[in-house]
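Quick note on labels: first sequence line is chain A, next is B, and so on, each numbered from 1.
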Amino acid sequence: MARDLLGAVLVVERHGIRVAGRIIETEAYTTDDPASHSFRGRTPRNAVMFGPAGHLYVYRSYGIHWCANVVTGAEGDGQAVLLRAVDPLDGADEMLRRRGRRPLADGPGKLCQAFGLDGDDDGADLCGRGPMRILDDVAVQQSDPIVGPRVGITRAVDTPWRFRIS
DNA sequence: GGAACGATCTGC
DNA sequence: CAGATCGTTCCC
């Protein structure tokens with residue numbers, strides 16, 4: 001599932017400003033996975049992960065940053081894909097402004113800041129008429145993403161569930 | 001009720 | 001390389 005999101009386009013259109021980017025790096029998290037928030041079962045924080053696919057699971061990281069996932073499992077499954085990096089398509093200037101003019105680089109925290117995503121967006125529907133959506137119909141079929149270990153985790157360190165395209 | 005610990009980022 | 005910073009989770 002994490003592979004399928006590679007090349008898809010994340011669009012957030014709010015306050016009349018459209019920000020869009022091509023998803024180039026993801027990580028997979030499942031219920032079987034000790035590194036996943038859903039591993040220890042459903043809690044108030046991760047409830048969205050156990051909901052229907054196509055919704056946004058946003059959580060606070062290290063008390064400072066926001067990180068966004070796309071729920072990819074059926075109801076009750078508890079699986080999601082962490083969005084780690086995008087290639088800016090629309091609103092690159094706005095992204096830069098939100099980033100405090102710091103260089104826009106890889107990383108889930110930076111991605112959320114650039115797209116203006118925070119805790120209020122937890123549970124948002126990406127497949128409805130809301131301000132944010134994922135255009136996977138425009139996804140270019142990717143050949144051989146780079147596969148590697150996930151970043152910043154302490155459990156299941158050797159599980160190669162990070163996927164990256166250029 | 002308390003303590004430990006992050007799916008991170010930045011600046012020194 | 002360490003500090004920021006706070007909600008969530010787990011244990012007593």
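- For A/M49, taking side-chain heavy atoms from C-beta onward, the closest of the listed nucleotides B/dT8, B/dA7, C/dT8 is B/dA7.
- Salt bridge A/E13/A/R133: present, at least one basic N to carboxylate O contact under 4.0 Å.
- Counting atom types as modelled, A/Y59 pairs a side-chain N or O with a base atom of B/dA7 as donor and acceptor under 3.5 Å.
- Looking at which nucleotide of DNA chain B each of A/R99 and A/N69 is closest to, the 5′-most match is held by A/N69.
- In this structure, A/Y62 does not count as stacked on the base of C/dA4 under the 5.5 Å centre distance and 30° plane angle limits.
- For the pair A/F39 CZ and C/dT9 C1', the interatomic distance rounds to 14 Å; values are reported in whole Å.
- Pair assignment for B/dA7 gives none, since no Watson-Crick or G-U wobble pairing has each distance under 3.5 Å.
- Between A/R102 and B/dT10, a side-chain N or O to OP1/OP2 separation shorter than 4.0 Å is present.
- Among the protein residues, A/L82 comes within range of the nucleic acid bases, having at least one heavy atom under 4.0 Å from a base atom.
- Within the 4.0 angstrom heavy-atom criterion, no nucleotide atom of any strand lies near A/R150.
- Within 4.0 Å (heavy atoms only), A/R162 reaches no atom of the nucleic acid at all.
- A salt bridge links A/R14 to A/D121: at least one charged side-chain nitrogen sits closer than 4.0 Å to a carboxylate oxygen.
- Salt-bridge check for A/R155 with A/D33: failed, with every basic side-chain N at 4.0 Å or more from each acidic carboxylate O.
- A/Q113 and A/R98 are not linked by any side-chain donor-acceptor pair at a separation below 3.5 angstrom, with hydrogens and angles left out of the test.
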